[in-house]
Amino acid sequence: MKSFWALILRDLRLAVREGGAIGTALGFFLVVVSLMPLGLGPDLNLLARIAAGVLWIALLLAALLSLNRIFEADYEDGTLDVLATGPLPLELVSAAKALAHWITTGIPLAVLAPILGILLNLDLNAYPILVATTLLGTPAVSFLGAVGAALTMKTRRGGLLLALIVLPLYVPTLIFGISAVSAGAGPGGLGASFLILAAISLVTVVLGPVAAAAALRVQLQ
Amino acid sequence: MDLGPHAAFIWLSYAAVTVTVIGLIMWLIADGWRQRADLDALERQGVKRRSSN
Amino acid sequence: MQTLTQRLANPTRFMELSARLLPWISWATVILLVYGLYLAFLASPADYQQGETVRIMYIHVPCAWLSMMIYGLIALSSFGLLVFRHPLADVSAKAAAPLGAAFTFLALLTGSLWGKPMWGTYWVWDARLTSVLLLFFLYLGLIALRSALEDEGAAAKLTAVLALVGVSLLPIIKFSVDWWNTLHQPSTDFTSTVDPSMRLPLLIMALAFTLMFFAMHLKAMRNEILRRRVKALRAQAVAGRDRFGASAAQGAAE
């Protein structure tokens, strides 16, 4: 367990020291969200209606940008080979790396989302729920993303392939993330979608590392 | 045969399925021929499988 | 069943058996297809609600059925590869993926050609159409991942992992799309119970398409086995030549 936390700390430290990756994801998020009104027109009523959807889609795309970072660098410099022979099972290695990705990408994106909501005239009542759903949904994004990153670790045109593989798997997270916001803003309260979103995140947090480890094992033999 | 006002849609969908299925079958047969030919060419060169066939 | 799959584990035996089986399946397919088309066009009435357009159903439903069955078959083969290391499992999964993508595409195409007269538009974000579209994306992902990897052994296992991830998420995806659909529009229910006059042609066509797929699948598996033999022989030939001129090659390398 100690080495599990050590691995997370190491990944966090690396992410902070490099810095650029988080900044790029946040900048991408900002640019995609601000392009939306330019494409759809500045009608504030329309923007308020689609704000949750736009924020979630932009968040997924921004997270996607940084997914291939999860394993690639460690594979290239041989760290992953060392980790594979170490005492920590690969399942926990994958879990640690996915968790580090969530902390360095998921949380900053979730925190930035309500600020960008201002640009889209998002209903003020929806703010706390938006933060809650993005925080609740982004673990699924990171852990499913880790599976995709492990599968495409050795491929050369990995980025596009990763998007093709992972985006269809994000559909449940997207649907329940958005429906929780729209249900929460209305009189009905949070509703079931919030709980289902939590369930999806839990399932992916448990199953994602298993699949990612299986994929890593194939390639590290 | 009178298929009513939407006959074009019916014919188009059957045509699409027919074309795709025939395309698949032709691809499978051509692929089979190619592999056979390659295998025969290799065997004529005297490359033999170690395990008995 | 176990003994049958075990006996089939030998590719040479599989080649013999499939060569004997393939003509039978092909002819059965042709007979069923002719009978099914006769039923679909000549011996069945137009639907009181859908009119003549119902005849698209006789190819749309079999394609939609195949799109799901083939993904199930790929998942099963992937399981067979990862757990039992069955030597033919990857051949089966690899051969099935493009066929599955083709039938899923046909299900989408015929569905939208049926939708234009029925719904007034080629595409409706109906729950079932959307799920099939996502299934199509899953097929594309499988094919793209395999084609991006050079090492065939690694490609086999990695696509198997992806197929199993996909099949375990498929119920959640289906559920979420249904949920999303009821959230956004009142469900358009065209799925009234199937009229008995439609049931027989549907059944025959579904059977014909299933047999047709199995014939194609067997043929594709045979091709794949031959392709692997050719590859192995070429590698063997190169290795033999290298051993022959080993000293020269070594001299050049150093």
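Each chain gets a letter, A, B and so on, in the order the sequences are listed, and its residues count up from 1. Every value quoted in this text rests on a predicted model; they were computed, and no experiment measured them.
Using a 4.5 Å cut-off between heavy atoms, C:Tyr122 touches chain B through its side chain atoms alone. With a 4.5 Å cut-off on non-hydrogen atoms, C:Ala107 does not touch chain B at all. Residue C:Arg222 touches chain B through its side chain alone, counting heavy-atom pairs closer than 4.5 Å.
Between chain C and the options B:Leu28, B:Ile25, B:Thr20, the largest number of non-hydrogen pairs under 4.5 Å is found for B:Leu28. Per-residue counts of heavy-atom pairs under 4.5 Å with chain B were compared for C:Ile59, C:Leu226, C:Leu109, C:Leu99; the largest is that of C:Ile59. Counting heavy-atom pairs closer than 4.5 Å to chain C, the top-ranked of the candidates B:Gly32, B:Gly23, B:Ala41, B:Ala8 is B:Gly32.
Ring planes of C:Phe41 and B:Trp11: parallel class, angle under 30° (limits at 30 and 60°). C:Trp125 and C:Trp123 have perpendicular rings, their planes meeting at more than 60° on a 0 to 90° scale where under 30° would count as parallel.
Side-chain atoms of C:Trp114 and B:Ser13 include no donor-acceptor pair closer than 3.5 Å.
Closest heavy-atom contact between C:Ala215 and C:Leu22: O-CD1, 3.4 Å.
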Using the rule given for side-chain contact (heavy atoms from CB on, under 4.5 Å), can you reason through C:Leu106 versus C:Phe103, listing the C-alpha separation, both sets of side-chain angles and the distance that settles it, and then say yes or no? CA-CA 5 Å; C:Leu106 284 179; C:Phe103 282 112; 4.2 Å; yes

